[in-house]
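These figures come from a predicted structure and were not determined experimentally.
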Amino acid sequence: QVQLVESGGGLVQAGDSLRLSCAPSPRTFSTHTMAWFRQAPGKEREFVAAIAWFTGSEYYSNSVEGRFTISKDNAKNTVYLQMNSLRPEDTAVYYCAAPALNRGGTYSYAGTYDYWGQGTQVTVSS
């Protein structure tokens, strides 16, 4: 059974940085895309960023582009989300997601993804 294990959330002040990590288990898990979504209280889950595993192409939502960077470490089979210049409106539970290798779909659509992490809380105080 595939699990995505996230880490790195926490409580920071506006303007600070955090880095989230997501590692799949088992380590042999293979996919073509990994993504980050977030969900704030009372709001729908929204796309944050995605990375194409084989090409390295990166995709961002307008709200985070220029502040967040998604990256991957092929050797560790791990994806990261570097979040800089954090704002109070970035406060949410952040989820890592991945589709099955043979599944296609729109990278920004939550329904594309078959596997989800448990979520990690990011809180940005003003």
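R67 contributes atom CZ, which lies 6.5 Å from atom CG of L86 (distance to the nearest 0.5 angstrom). Taken to the nearest 0.5 Å, the SG atom of C96 stands 5.0 Å off from the CH2 atom of W36.
Closest of all the heavy-atom pairs between T69 and E58 is CG2-OE1, 4.4 Å. The two residues T33 and A50 have their closest heavy-atom pair at CG2-CB, 4.2 Å. Scanning both residues, V48 and V64, for their nearest heavy atoms gives O-CG2, 3.5 Å. Looking at every heavy atom in both residues, A92 comes nearest to R38 through CB-CB, 3.8 Å. Nearest heavy-atom pair across V124 and T91 is N-OG1, 2.9 Å. Residues T78 and A23 share a closest heavy-atom pair of OG1-CB, 3.7 Å.
Aromatic ring centres of F47 and Y107: separated by under 6.0 Å. F29 and Y115 have their aromatic ring centers within a separation under 6.0 angstrom. Taking the six-membered ring where the residue is Trp, the centroids of W116 and F37 are separated by under 6.0 Å.
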Can T120 and L20 be said to form a side-chain contact (heavy atoms from CB on, under 4.5 Å), step by step? CA-CA 8 Å; T120 186; L20 306 183; 4.0 Å; yes

Applying side chain to side chain donor-acceptor pair (under 3.5 Å) to S57 and T55, what does each step give before you reach the verdict? CA-CA 5 Å; S57 296; T55 67; 3.1 Å; yes

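Counting only N and O atoms by type, the side chains of S61 and S63 include a donor and acceptor under 3.5 Å apart. The closest side-chain donor-acceptor pair between S17 and N84 falls under 3.5 angstrom. Side chains of Q82 and Y80: no donor on one and acceptor on the other come within 3.5 Å. In the model, T123 has a side-chain atom that pairs as donor or acceptor with a side-chain atom of Q121 under 3.5 Å.
Atom CZ of F54 is surrounded by more than 12 heavy atoms from other residues, nucleotides or ligands within 6.0 Å.
Applying the side chain to side chain donor-acceptor pair (under 3.5 Å) test to residues at least two apart or on different chains, none of the pairs has a partner in residues 19-31.
Cluster annotation: M34 is connected to M83 through the hydrophobic network of ILVMFWY side chains, with a link wherever side-chain heavy atoms come within less than 4.5 Å. Note on I70 and Y94: same hydrophobic cluster, where clusters join Ile, Leu, Val, Met, Phe, Trp and Tyr whose side-chain heavy atoms are under 4.5 Å apart, directly or indirectly. Placement of W53 and Y113 in two distinct hydrophobic clusters is found when ILVMFWY residues are connected by side-chain heavy-atom separations under 4.5 Å, directly or transitively. Residues V5 and L18 do not share a hydrophobic cluster, clusters being chains of Ile/Leu/Val/Met/Phe/Trp/Tyr side chains in contact below 4.5 Å. Placement of V79 and V93 in two distinct hydrophobic clusters is found when ILVMFWY residues are connected by side-chain heavy-atom separations under 4.5 Å, directly or transitively.
Remark: R103 engages D114 in a salt bridge (charged side-chain N to carboxylate O under 4.0 Å, His left out) (not counting sequence neighbours). The side chain to side chain contact (heavy atoms under 4.5 Å, CB included) check on Q13 picks up D16, S125, with sequence neighbours excluded.
Looking at E6, its side chain does come within 3.5 Å of a backbone N or O of G119 through a donor-acceptor pair.
A cation-pi contact links R45 to Y95, judged by a cut-off of 6.0 Å to the six-membered ring centre and 45° from its axis.
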